[in-house]
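Remarks on the structure that follows.
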Amino acid sequence: MSASNLDELFLDLLKDTYDAEKQLSKALPKLAKAASDEHLKEAFESHLGETEEQIGRLEQIFEMLEKPARGKKCAGMQGLIEEGKEVIDEDMPEAVTDAALIAAAQKCEHYEIAAYGTMATFAKILGMKEALALLKLTLGEEKAADEKLTKIAGTINYEAQEEVEA
């Protein structure tokens, strides 16, 4: 990453986050397919719709900046998604797999929360009111998705422990 000012840093993070969301939009259907719990499957499927909307918001911000909507490879998300693939490839009891899928997905959510929080702060400093509103909307959705996964984990984690004890 090379930036000489906050504008350039914001654009760099925007490109990184755009690629992260694109990667996640390809991974979420695989996570949904691997999930055995219906609530978890539904959470992944509904977040896919949100992710597609979030990609659209990022494209709006690129438009505001009069820049092409192009990502730069997000190695962070790539690594997190790879961890999720490893969970899918493991042979574990269903509830244990679901608990591991939630853990992998929450790592992605926390990564996104950090990215959107940082971009929102930059947008505020740079006086980008429209971008700030879009980023805050997405940040709220990411936090809600994380909370939803935490709620689902409240049941699944106990089921995973029961499978081990059985």
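Sequential numbering from 1 along the given sequence is applied to the chain's residues.
At distances below 3.5 Å, not a single donor-acceptor pair connects side-chain atoms of Asp146 with backbone N or O atoms of Glu109. Not a single donor-acceptor pair under 3.5 Å links the side chain of Glu94 to the backbone N or O of Ser36. Side-chain atoms of Glu8 come within 3.5 Å of backbone atoms of Ser4 as a donor-acceptor pair (strictly under, hydrogens ignored). Lys107 places no side-chain N or O within donor-acceptor distance of the main-chain N or O of Leu80, the cut-off being under 3.5 Å. Side chain of Thr138 to main chain of Leu135: no donor-acceptor pair is present (N/O by atom type, distance under 3.5 Å, no hydrogens or angles).
Using a cutoff of 4.0 Å between basic side-chain nitrogens and carboxylate oxygens, Glu42 and Lys148 are scored as salt-bridged. A salt bridge is absent between Glu45 and Lys41; no separation between the charged side-chain nitrogens and carboxylate oxygens falls under 4.0 Å.
Within the 4.5 Å cutoff, side-chain heavy atoms of Arg57 are placed close to those of Glu141. Here the side chains of Met119 and Tyr116 are in contact, with some heavy-atom distance below 4.5 Å. Side-chain contact check for Thr118 versus Phe10: every heavy-atom pair is 4.5 Å or farther apart.
Hydrophobic clustering (ILVMFWY, side-chain heavy atoms < 4.5 Å, transitive): Leu65 and Phe122 are in one cluster.
With no hydrogens or angles considered, no side-chain donor-acceptor pair links Gln23 and Gln78 at under 3.5 Å. Side-chain contact check for Tyr18 and Glu59: at least one donor-acceptor pair (N or O, by modelled atom type) lies under 3.5 Å.
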Legend entry - Test log, rule side-chain hydrogen bond (donor to acceptor under 3.5 Å, both in side chains), inputs His47 and Glu142: CA-CA 9 Å; His47 195 57; Glu142 298 297 2; 3.3 Å; yes

Inset, instruction - Test Ser25 against Glu52 for side-chain hydrogen bond (donor to acceptor under 3.5 Å, both in side chains), laying out the working first. - result: CA-CA 7 Å; Ser25 71; Glu52 290 166 352; over 6 Å; no

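To the nearest 0.5 Å, atoms CG (Leu6) and OG1 (Thr121) are separated by 10.0 Å. Within the model, atoms CD1 of Ile102 and CG of Asp37 stand 7.0 Å from one another, a figure rounded to the nearest 0.5 Å. Atom-to-atom distance recorded for Leu101:CG and Gln106:CD is 11.5 Å, nearest 0.5 angstrom. Atoms CG and CE, from Asp7 and Met128 in turn, are 7.0 Å apart once rounded to the nearest 0.5 Å. Within the model, atoms NZ of Lys15 and CZ of Phe62 stand 7.0 Å from one another, a figure rounded to the nearest 0.5 Å. Of the inter-residue distances, the one linking Leu24 atom CG with Cys74 atom SG reads 10.0 Å to the nearest 0.5 angstrom.
When each of Asp12, Asp16, Asp19 is tested with Lys72 by the rule side-chain hydrogen bond (donor to acceptor under 3.5 Å, both in side chains), just one qualifies, namely Asp12.
Counting heavy atoms of neighbouring residues, nucleotides and ligands inside a 6.0 Å radius, atom NE2 of His39 does not exceed 12 of them. Heavy atoms from other residues, nucleotides or ligands lying under 6.0 Å from CD of Glu130 number 12 at most.
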